[in-house]
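Order of appearance sets the numbers: ligands from 1, and atoms from 1 within every ligand. The figures that follow rest on heavy atoms only: side chains count, while hydrogens, waters and symmetry mates do not.
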Amino acid sequence: MTRMIGALLSLAMTAMLTQAAMAASSANGEKMARRWCAACHVVAKDQASGTTQAPPFSGIANRPGFDASKLALWLLLPHPRMPDMNMSRSEAEDLAAYIADQGR
Ligand code: HEC
């Protein structure tokens with residue numbers, strides 16, 4: 001009986017942790033986007049405007065062939081015209097998840 005309860009508890013914990021991880025990623029991406037990217041990009045629907053050269057995140061997400069995992073990798077590489085954000089892999093994944101949400 002005790003063992004059974006233990007098993008159930010750890011199942012519930014796993015479910016909770018998985019949910020937290022999934023919810024965290026896009027929400028954390030939004031925080032980073034508003035802090036680091038909003039100066040140039042329109043990162044959310046409630047944002048009036050970015051600069052003209054930087055594509056809005058909703059546009060990026062709606063492109064044919066958009067792939068959040070490719071985007072996460074791309075974000076890790078420094079590229080011209082954007083400052084090198086020097087972000088971690090999980091931060092890049094959070095940002096990509098957030099950008100993907102903007103296409104819906
Ligand atoms: C200093 C201004 C600036 C900041 C800050 C900035 N970007 Fe950009 N970004 C640009 C510009 C300009 C382009 C277009 C590059 C080009 O066309 O050569 C771009 C392009 C991109 C693209 C590629 C779009 C495509 O055409 O495929 C992505 C994705 C992107 N930015 C994500 C981000 C994210 C995520 C952040 C925040 C961590 C960020 N950017 C911060 C200016 C900026």
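Atom numbering of ligand 1 starts at 1 in the shown order; those under 4.0 Å from a heavy atom of Arg63 are 25 (C), 26 (O), 27 (O). Against a heavy-atom cut-off of under 4.0 Å, Cys40 is close to the following atoms of ligand 1: 1 (C), 2 (C), 3 (C), 4 (C), 5 (C), 42 (C), 43 (C). Taking every heavy atom of Ile60 and a limit of under 4.0 angstrom, the matching atoms of ligand 1 come to 24 (C), 28 (C), 29 (C). Short contacts between ligand 1 and Leu75, defined as distances under 4.0 Å to a heavy atom of the residue, involve ligand atoms 32 (C), 35 (C). Listed by atom number, the atoms of ligand 1 under 4.0 Å from Leu71 heavy atoms are 29 (C). Using a 4.0 Å cut-off to heavy atoms of Ala54, the atoms of ligand 1 that qualify are 10 (C), 11 (C), 42 (C).
Distances from atom 8 (Fe) of ligand 1 show that Cys37 has no N/O/S atom below 2.8 Å.
Counting heavy atoms from C-beta outward, Phe66 and Ile99 have side chains that approach closer than 4.5 Å.
Separating the CG atom in Leu75 from the CG atom in Leu95 is a distance of 6.0 Å, to the nearest 0.5 Å. To the nearest 0.5 Å, atoms CD (Gln102) and CD1 (Ile60) are separated by 10.5 Å.
Although no hydrogens or angles enter the test, the distance criterion places no donor-acceptor pair under 3.5 Å between the side chain of Glu91 and the main chain of Met87. Under the 3.5 Å distance criterion, the side-chain polar atoms of Tyr98 are left unmatched by any main-chain donor or acceptor of Met32.
Residue contacts with ligand 1 do not include Ala39, since none of its heavy atoms lies under 4.0 Å from the ligand.
Salt-bridge formation is detected for the pair Arg34/Asp46: a Lys NZ or Arg NE/NH1/NH2 atom is positioned less than 4.0 Å from an Asp or Glu carboxylate oxygen.
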| message | side chain to side chain contact (heavy atoms under 4.5 Å, CB included) for Val43 and Glu30? Distances and angles first, verdict last. | response | CA-CA 8 Å; Val43 306; Glu30 174 170 12; over 6 Å; no

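Comparing Trp36, Trp74, Tyr98 by heavy-atom distance to atom 28 (C) of ligand 1, the nearest is Trp74.
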